[in-house]
Amino acid sequence: MTDNEQYNSNSPHEIADEEVNSLVNDTEQSRRKRLEINNSWPTRNQFDIEKIYSRNLQELNIKEGFRPVKFEYSNEKYFQRSVAYILDSLDFLPNRPDLSFDFIWRAIDFLSRQIVSEQNLSINNDKEILKACIENVWADYFNNNLRTKAAMLTLIQNIPVQSCEYLFKRIYNEYDSSKPNNPNKEVSRLVGFDGGTVRNAHAKEVIDKVKLQYPYNNSESRRKGSRFFYRYLRGDLLTFSMNEPPTSIQADFSEILNFTVNGILYTFRNDRAHGGVFSPFRSSKATMRTYAHSSFCFLQGYYLLVALIHYRDSTLISEESILNSYNLNIDLYKNLYGRNLQK
């Protein structure tokens, strides 16, 4: 039995909702531990899962669990500001991938806004800027850099089940069926609801059929629905058996980006910015799966940012360097989390 299994022997699916819920059903021991750490600061003290995570990191050939890409010099101000955000992000690795993700997203937010401005698109809100990046900038970049696109898909094929449970919960937990085109803000982003019409019929079809086949009010159904998204984002061909006749569906690259970026990363960013989630690793419910979710969000966000930098100026880094970085960091990520990615 591993350290993590000894620490928390509950079924991962039983604790999944609590791990992503701000109202964690916590233990008295954890409540006291938080106060103990606060009252003894700056003496370093950790929760058990933090100690387990640190020990697992020491087993890697690169103890930080990550290596950034190396850029060529440029004094261009938008590039320099983006690198400054990356440095802020690196300061929190390896122990706080969630905080590293926060700074990476700030860089994405900043640079994507600049790129959209440079393309003379009349967009000024975050939702539409992100949509333009997914549909135009990242789509264009990855379609013109097919090896990098394959590397991004390899990363997404190693998405944690935990992240798909998070996606399922955020789509269906507060789903207002009286507004089929706009049941909540997460679905609104995914389907491209503009106040009158749905611009992404494929995403709408997936969300509607998953809701029908995997009702949210049943724990086993939630587990299966989360597993559906896990396979969908990995590009598997899937069947909706509730339909007559049964229908099959498969995500293309644009929809995989839509559901991971709009559905997972941006939702995680919003939850964290608005206090919608409990501090992830300071809880009795935290496991290595909790770390895996934050690490995936950080890694995908990081390479989306690298894509934006490379898209603006391809002289700053070679595609070969980017590919080598993907290979190294995906291997480190897989070695660190192992079967926790599939639980």
Side-chain angles (χ1 to χ4, degrees), residues 1-8 12-13 15-16 19-20 49-70 89-90 92-101 104 142 147-167 226-227 229-236 251 253 256-257 259-261 264-265 268 280-281 286-307 319-343:
M1 181 176 287
T2 66
D3 285 338
N4 193 49
E5 290 170 327
Q6 290 172 339
Y7 171 65
N8 195 328
H13 303 295
I15 64 174
E19 288 180 341
V20 296
I49 187 58
E50 294 179 286
K51 297 174 183 176
I52 292 168
Y53 178 70
S54 295
R55 285 201 296 270
N56 290 348
L57 280 168
Q58 294 307 306
E59 296 177 4
L60 300 177
N61 59 342
I62 295 176
K63 309 307 180 197
E64 297 80 13
F66 179 79
R67 281 289 183 267
V69 297
K70 294 183 179 180
S89 177
L90 295 176
F92 289 99
L93 290 179
N95 295 319
R96 293 301 301 263
D98 59 320
L99 296 177
S100 295
F101 166 76
I104 288 297
F142 286 111
R147 292 191 299 161
T148 307
K149 179 180 180 179
M152 173 60 77
L153 285 170
T154 298
L155 173 59
I156 296 172
Q157 284 167 359
N158 286 281
I159 189 172
V161 171
Q162 169 74 22
S163 299
C164 299
E165 291 170 347
Y166 175 80
L167 174 64
S226 301
R227 182 65 66 168
F229 277 123
Y230 175 72
R231 296 184 60 199
Y232 177 74
L233 296 177
R234 288 164 55 91
D236 291 355
F253 184 71
I256 291 172
L257 272 190
F259 275 87
T260 54
V261 179
I264 298 175
L265 270 63
F268 191 47
F281 314 126
T287 69
M288 285 296 291
R289 296 173 73 243
T290 319
Y291 276 98
H293 170 63
S294 292
S295 291
F296 173 79
C297 290
F298 163 73
L299 273 179
Q300 189 182 15
Y302 179 79
Y303 285 112
L304 290 170
L305 175 59
V306 169
E319 185 179 22
E320 209 63 43
S321 295
I322 295 173
L323 292 171
N324 289 338
S325 174
Y326 266 104
N327 292 336
L328 173 63
N329 288 323
I330 290 173
D331 282 347
L332 288 168
Y333 164 79
K334 289 165 62 178
N335 290 336
L336 178 60
Y337 294 110
R339 60 195 183 95
N340 287 290
L341 298 174
Q342 287 118 30
K343 288 182 179 179

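Predicted, not measured: the structure shown is a model, and the values here were computed from it. In this chain, numbering begins with 1 at the start of the sequence shown.
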Sole candidate of Leu60, Asn61, Ile62 that passes side chain to side chain contact (heavy atoms under 4.5 Å, CB included) when paired with Asn335:
Leu60

Can you measure from NZ (Lys343) to CG (Leu341) and round to the nearest 0.5 angstrom?
10.5 Å

Inspect the surroundings of NZ in Lys70 and state if more than 12 heavy atoms from other residues, nucleotides or ligands are less than 6.0 Å away.
no

Kindly say whether Glu50 contributes a backbone atom to a donor-acceptor pair with the side chain of Ser54 at under 3.5 angstrom?
yes

With no hydrogens and no angle check, do the side chains of Thr148 and Tyr326 hold a donor and an acceptor under 3.5 Å apart?
no

Measuring from atom CG of Leu305 to atom CZ of Phe298, what distance do you get when rounded to the nearest 0.5 angstrom?
9.5 Å

As an exercise, state the distance from CD1 of Ile264 to CG of Leu167, rounded to the nearest 0.5 Å.
5.0 Å

Separation between CG of Leu257 and CG of Leu233, rounded to the nearest 0.5 Å:
10.5 Å

List the residues meeting side chain to side chain donor-acceptor pair (under 3.5 Å) with Glu320, not counting sequence neighbours, and say none if there are none.
Arg147

Rounded to the nearest 0.5 Å, how far apart are CD1 of Ile156 and OH of Tyr303?
13.0 Å

Identify the two heavy atoms, one from Leu323 and one from Ala151, that lie closest to each other, and give their separation to 0.1 Å.
CD2-CB, 4.1 Å

Please report the shortest heavy-atom distance between Phe253 and Leu153, naming the atom on each side.
CD1-CD2, 3.5 Å

One should read off an interatomic distance between Leu299 CG and Leu265 CG, to the nearest 0.5 angstrom, of 10.5 Å

In the structure I gave you, are the side-chain heavy atoms of Asn340 and Arg289 within less than 4.5 Å of one another anywhere?
yes

Given side-chain contact (heavy atoms from CB on, under 4.5 Å), test Arg227 with Val161 step by step and report yes or no.
CA-CA 7 Å; Arg227 182 65 66 168; Val161 171; 3.8 Å; yes

Which pair of non-hydrogen atoms, one from Cys297 and one from Phe101, has the smallest distance, and what is that distance?
O-CD1, 3.3 Å

Walk me through whether Ser163 and Phe229 qualify under side-chain contact (heavy atoms from CB on, under 4.5 Å).
CA-CA 9 Å; Ser163 299; Phe229 277 123; over 6 Å; no

With sequence neighbours left out, write down each residue that passes ring-ring contact (aromatic ring centres under 6.0 Å, His included) with Tyr53, or none if nothing qualifies.
Tyr291

Show, in sequence, the C-alpha distance, side-chain angles and deciding distance for His293 and Asp98, and conclude whether the side-chain contact (heavy atoms from CB on, under 4.5 Å) test is met.
CA-CA 9 Å; His293 170 63; Asp98 59 320; over 6 Å; no

So which atom in Pro280 and which in Arg96 form the shortest heavy-atom distance, rounded to 0.1 Å?
CD-NH2, 4.2 Å

Go through the steps for Val69 and Ser321 under the test side-chain contact (heavy atoms from CB on, under 4.5 Å), then give the verdict.
CA-CA 7 Å; Val69 297; Ser321 295; 5.8 Å; no

To check you understand the geometry: which heavy-atom pair defines the closest contact between Leu304 and Phe142, and what is its length?
CD2-CE1, 4.2 Å

Any side-chain to backbone donor/acceptor pair from Arg67 onto Leu328? Under 3.5 Å, distance only.
no

Could you pull out all residues at least two apart from Thr260 that satisfy side chain to side chain donor-acceptor pair (under 3.5 Å)?
Gln300

Check: Asn158 main-chain N/O paired with Tyr333 side-chain donor or acceptor under 3.5 Å
yes

Donor-acceptor pair, distance only, cut-off 3.5 Å: does the side chain of Tyr232 make one with the backbone of Phe259?
no

Verdict with supporting geometry, Phe66 and Tyr302, ring pair (Phe, Tyr, Trp, His ring centres under 6.0 Å):
CA-CA 11 Å; Phe66 179 79; Tyr302 179 79; 5.0 Å; yes

Ala292 versus Tyr337, closest heavy-atom pair with distance
N-CE2, 3.5 Å

Indicate yes or no: at least one non-hydrogen side-chain atom of Phe296 is less than 4.5 angstrom from one of Pro97.
no

